[in-house]
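Report on the structure given below.
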Number of protein chains: 2
Amino acid sequence: MAEDTRARILAACAAVIARSGLARFRMSDVAREAGVSIGLLAYHFGDRDGLLEAALEEVTASAMRRADAAPESRTASARLAALLCSEFGDDPAIRAGSTAWNELRAAAVFDRDRSAAVSRSTSAWQEAVRELVARTAPGTDAAGTALALTALVEGLSGRWLTGQLTAAEAQTTVRRTLAALGLGAERNGPRPPVPS
Amino acid sequence: MAEDTRARILAACAAVIARSGLARFRMSDVAREAGVSIGLLAYHFGDRDGLLEAALEEVTASAMRRADAAPESRTASARLAALLCSEFGDDPAIRAGSTAWNELRAAAVFDRDRSAAVSRSTSAWQEAVRELVARTAPGTDAAGTALALTALVEGLSGRWLTGQLTAAEAQTTVRRTLAALGLGAERNGPRPPVPS
DNA sequence: GACACGGCTGAAACTGTTTTCAGGATACGG
DNA sequence: CCGTATCCTGAAAACAGTTTCAGCCGTGTC
């Protein structure tokens, strides 16, 4: 089935982006990762730009799925902390997803279409955070807080991916900031990573 | 003077990185921007990797100079706000510096040497913030707060550079977060950008 | 004036990578 | 069984970009 092949190719793309970054993105690396020929990439996606565009759409969709996958059956403040902390974790899939998303955000600085896609995904994530903030602390500036919290997580993600912080340190910083803003969860300390 | 030429080439590199990103970095673009030949780039820096390495060192040094340039004659809390907000501004040179720094951070995910350089620069900036936090609110966790504040600024910088926020909105978010953490400056609202 | 040296140019040579395409394999319908 | 369509390969052709280097120019020294 060709759809299955396209999905495998896009997953291979995300893996190559997460491993080497966009600056060293090579069709040959994707073909090897997916176990197909270079010609097949061109057959399905037209050319290198077409492949990259489809791959970055997949990275965006994957980021939105991760944001939606936060656990349900908890207090709003616990869900808020879990949602924010789901960006970090020792699971290689979480790291790969965060790295690919980080690359997409960096590329979005130079490309209006990518910037639009990143903006939509970020707005959806921020809206989810805003709702949880509004439930946790009614009457506060939930939108402003949601902006600050999601930006904080992106900044911490950068520190984690470059090795300046561990995932646990990043999660602790999120929780301490939530506590300092009066949004603290019932218990503190690093949580096990949310599966991706 | 060859030193003058090297400096012009490195400034041209930073400009090309800020305009097009690392993924589209071309020797020919740098030569054009600096008004020299491609051969001269190789004469001074060896090869493309040598040029990039020198350029990214310059980007790092430039980021550290920006952090050192925050104004002196103010209260600690005002200087803290100014230091954090100096990352955003309508001045094209500020934007270029932030973009180049953003590219360096993204590249640092994949390169240990660059990661080490980014880490040193970030630690220096974070230490400057920590000192100001300790003076503004003695007895609080200044190191943790400095980490959160600098990460917030990096996250907001990404939003600003991709067009999701204006510089003024980013600065307002920083000031509101400072206020929410009990580190507020004497007056609120967007400030004029600190010259770079 | 001759020579050495540093700074510099620009295009040929070279390398890396993408695009193209002839052709094979498989499945399906008539 | 044949024709058609789809999926796929892999290497030649094409293209993009870097590296190399012969040679020019200006300056300083003897």
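Each chain gets a letter, A, B and so on, in the order its sequence line appears, and its residues count up from 1. Quantities reported herein were computed from a predicted structural model and do not represent experimental measurements.
- Counting heavy atoms from C-beta on, the side chains of A:Arg105 and A:Asn102 come closer than 4.5 Å.
- For B:Tyr43, taking side-chain heavy atoms from C-beta onward, the closest of the listed nucleotides D:dG10, C:dC8, C:dT20 is C:dC8.
- Listed by chain and residue number, B:Glu169 satisfy the side chain to side chain donor-acceptor pair (under 3.5 Å) test with B:Thr166 (two or more places apart in sequence, or in another chain).
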When you compare the protein's N or O atoms with those of nucleotides 11-15 of chain D, which come within less than 3.5 Å of each other, and at what distance?
none

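- Five base pairs at each end of the helix from C:dG1-D:dC30 to C:dG30-D:dC1 define two local axes, and these are offset by 10° (rounded to 10°).
- Annotation: cation-pi geometry not satisfied between A:Arg48 and A:Phe25 (NZ/CZ under 6.0 angstrom from ring centroid, within 45° of ring axis).
- A straight line from CG of A:Leu40 to C1' of C:dG23 spans 15 Å, rounded to a whole angstrom.
- Between A:Leu52 atom CG and C:dT19 atom P there is a gap of 10 Å when expressed in whole angstrom units.
- Put simply, CG on A:Leu84 and CG on A:Leu132 are 8.5 Å apart, with the number rounded to the nearest 0.5 Å.
- In this structure, B:Asp4 places its CG atom 19 Å from P of C:dG6, rounding to the nearest Å.
- As a whole-Å value, the separation of B:Phe45 CZ from C:dC8 P is 11 Å.
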Discussion item. Side chain to side chain contact (heavy atoms under 4.5 Å, CB included), that's the test. Do A:Thr75 and A:Leu80 meet it? Break it down for me.
Written reply: CA-CA 9 Å; A:Thr75 60; A:Leu80 175 61; over 6 Å; no
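- A:Arg8 places its CZ atom 13 Å from the P atom of D:dC7, with the value rounded to the nearest Å.
- If you check C:dT9, C:dT19, D:dT19 against the side chain of B:Asp47, the one that comes closest is D:dT19.
- Of the side-chain N and O atoms in A:Thr5, none sit less than 4.0 angstrom from OP1 or OP2 of D:dC7.
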Practice prompt. With salt bridge (charged side-chain N to carboxylate O under 4.0 Å, His left out) as the test, would you mind laying out the steps for A:Arg114 and A:Glu53 before giving the verdict?
Written response: CA-CA 9 Å; A:Arg114 286 176 192 163; A:Glu53 185 166 336; 6.0 Å; no
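- Taking 4.0 angstrom as the limit, A:His44 places a side-chain polar atom (N or O) nearer than this to OP1 or OP2 of D:dC8.
- Within the structure, side-chain hydrogen bond (donor to acceptor under 3.5 Å, both in side chains) pairs that include any residue of residues 156-165 of chain B comprise A:Gln126-B:Arg159, A:Thr150-B:Arg159, A:Glu154-B:Arg159, B:Thr162-B:Gln164 (at least two apart or interchain).
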Any protein N or O atoms within reach of nucleotides 15-17 of chain C? Criterion: under 3.5 Å, listing atom names and distances.
residue: C:dT17; atom: OP1; partner: A:Arg26; partner atom: NE; Å: 2.3
residue: C:dT17; atom: OP1; partner: A:Arg26; partner atom: NH2; Å: 2.9
residue: C:dT17; atom: O5'; partner: A:Arg26; partner atom: NE; Å: 3.3

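- Residue B:Ala100 comes nearest to B:Ala14 through the heavy atom pair CB-O, 4.3 Å, listed as atom of the first residue, atom of the second, then distance.
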Discussion item. Under the criterion salt bridge (charged side-chain N to carboxylate O under 4.0 Å, His left out), I'd like the reasoning laid out for A:Glu58 against A:Arg65: C-alpha separation, chi angles, the key distance, then a yes or no.
Written reply: CA-CA 10 Å; A:Glu58 172 58 27; A:Arg65 287 196 297 270; 3.1 Å; yes
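- Under the side chain to side chain donor-acceptor pair (under 3.5 Å) criterion, B:Glu131 pairs with no residue, sequence neighbours left out.
- Between B:Arg8 and B:Glu3, none of the side-chain N atoms (NZ, or NE/NH1/NH2) sits under 4.0 Å from a carboxylate O, so this pair counts as no salt bridge.
- Rounding to whole angstrom units, CD of residue A:Glu3 and P of D:dC8 are separated by 11 Å.
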